[in-house]
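Just so it is clear, the values below take in all heavy atoms, side chains as well, and ignore hydrogens, waters and symmetry mates.
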Amino acid sequence: MTDMLVDSHCHLDFPDFSEDIDNVVRRARAAGINRIVTICTRVNRFNKVRMLAQRYDDVFCSVGTHPHNVDEEPDVTSHQLMSLSDHPKVVAIGESGLDFHYEKSLRASQRRSFLLHIDAARQTGLPLVIHSRNADSDMIRILDDENADQSFSAVLHCFSSSLRLAECVIDLGLYISFSGILTFKNSQNICDIASNLPKNRVILETDSPYLTPVPKRGERNEPSFTIYTAKVLAKIWKVESEDVWRMTTDNFFNLFSKVPR
């Protein structure tokens, strides 16, 4: 088997990891996960995210404001995101996007924030990490409009949306990331979508500490559990696990080009 798998999206700065972060990273390495991207959800907490990335050679990070949190920090600008992204450990913008399920921030605020994150991704050339939940129509419209204006690279993370949104993302040349949701018993529709996606546009993540995959349900999720989602994707694609490791890792480096191989 190839010696590298990647967790492209987790949250190592969350309190769930505060007591055993060294062991979490150690277990990831032992499982073959040799690159981890810890994702920023609040710009005002970016320093903690960055310091975690600096602490470990194989951990990198993003900078951005999650749609849940945009009303907490309304003064974030694309220039600020671009300035913070100059750090060598910052390899993406986000996560940003639209979440109309919980509505923790006003929809107008989420749209405004999403657009400035898109601008920062364009200006820096870094990929945008997109969060989308119960907002497919608005997400499709924004992605179509903004790519028509000027394209940018991006990944729709933790995919749990419609075939229509998946097709939009792929048609625009963007990427889709699957989390432990892919392993859930009630996720047949997501599995069906995954089975028909171009294999050069798919990457893997945990979104840990959330969405623990089968067979680890009931435990805190962590980067080492990426292997279980990879195994399920291999079954869906009807390929060997080694092929999923190789393809999704190559896709990751193609998208996150700032991360050294």
Side-chain angles (χ1 to χ4, degrees), residues 1-64 66 68-69 84 87-92 94-95 127 129 131 155 157-159 177-184 203-234 241-242 244-246 248-253 255-256 258-261:
M1 180 175 286
T2 181
D3 63 352
M4 181 181 293
L5 191 61
V6 173
D7 183 359
S8 67
H9 191 119
C10 63
H11 300 283
L12 296 182
D13 65 307
F14 283 15
D16 309 69
F17 294 118
S18 61
E19 297 300 320
D20 65 339
I21 184 65
D22 288 340
N23 288 330
V24 167
V25 174
R26 189 177 299 114
R27 284 192 292 270
R29 293 168 179 163
I33 289 79
N34 292 338
R35 294 290 185 274
I36 297 170
V37 183
T38 186
I39 301 297
C40 183
T41 58
R42 290 176 171 87
V43 172
N44 63 24
R45 298 185 187 176
F46 168 70
N47 284 343
K48 182 177 180 181
V49 175
R50 188 201 69 232
M51 288 174 66
L52 274 168
Q54 290 177 279
R55 182 171 169 180
Y56 306 101
D57 290 343
D58 44 1
V59 176
F60 298 83
C61 69
S62 69
V63 58
H66 191 288
H68 286 341
N69 307 323
L84 293 173
H87 192 279
K89 279 285 189 164
V90 180
V91 298
E95 65 184 286
V129 179
H131 174 106
V155 56
H157 105 92
C158 192
F159 183 81
S177 179
F178 289 103
S179 68
I181 290 175
L182 198 68
T183 73
F184 296 176
I203 61 178
L204 296 175
E205 65 172 279
T206 58
D207 203 15
S208 54
Y210 310 119
L211 303 175
T212 306
V214 175
K216 295 292 186 176
R217 298 295 291 158
E219 299 181 27
R220 177 200 63 188
N221 200 6
E222 61 178 65
S224 63
F225 294 173
T226 311
I227 60 174
Y228 300 109
T229 304
K231 289 178 181 178
V232 170
L233 185 59
S241 293
E242 293 91 335
V244 167
W245 282 51
R246 174 180 51 80
T248 58
T249 297
D250 284 346
N251 296 342
F252 169 83
F253 284 112
L255 177 62
F256 290 84
K258 194 174 173 180
V259 180
R261 282 184 179 263

Do [X] and [Y] have side-chain atoms, one donor and one acceptor, less than 3.5 Å apart?
X: E205; Y: S177; answer: yes
X: T206; Y: D7; answer: yes
X: D16; Y: H11; answer: no

So, for [X] and [Y], which heavy atoms are closest and what is the spacing to 0.1 Å?
X: L52; Y: I21; answer: CD2-CG1, 4.1 Å
X: C61; Y: V49; answer: CB-CG1, 3.5 Å
X: T226; Y: V6; answer: CG2-O, 3.6 Å
X: Y228; Y: P215; answer: CD2-CD, 3.4 Å
X: V90; Y: L84; answer: CG2-O, 3.7 Å

Problem - Aromatic ring pairing H157/H9, orientation class (parallel under 30°, perpendicular over 60°, tilted between) - result: parallel

Practice task
Quick one: sort the H66 and H68 rings into parallel, tilted or perpendicular, breaks at 30° and 60°.
Solution key: tilted

Practice task
Name all residues meeting the side chain to side chain donor-acceptor pair (under 3.5 Å) criterion together with R45; count only those two or more places apart in sequence or in a different chain, and write none if there are none.
Solution key: none

Could you check if a side-chain atom of [X] sits within less than 4.5 angstrom of a side-chain atom of [Y], using non-hydrogen atoms only?
X: T212; Y: F225; result: yes
X: F252; Y: V37; result: yes
X: F60; Y: R50; result: no
X: R29; Y: Y56; result: yes

Practice task
For side-chain contact (heavy atoms from CB on, under 4.5 Å), just list the numbers for C10 and I36, CA-CA rounded to whole Å, side-chain angles, deciding distance to a tenth of an Å, and then say yes or no.
Solution key: CA-CA 8 Å; C10 63; I36 297 170; 3.3 Å; yes

Practice task
Sequence neighbours left out, what pairs pass salt bridge (charged side-chain N to carboxylate O under 4.0 Å, His left out) with at least one residue falling in residues 221-231?
Solution key: R27-E222, R220-E222

Practice task
Could you tell me whether D250 and R261 have a side-chain N and a carboxylate O separated by less than 4.0 Å?
Solution key: yes

Practice task
Indicate yes or no for a side-chain donor-acceptor contact from K89 to the backbone of A53 under 3.5 Å, with no hydrogens or angles considered.
Solution key: yes

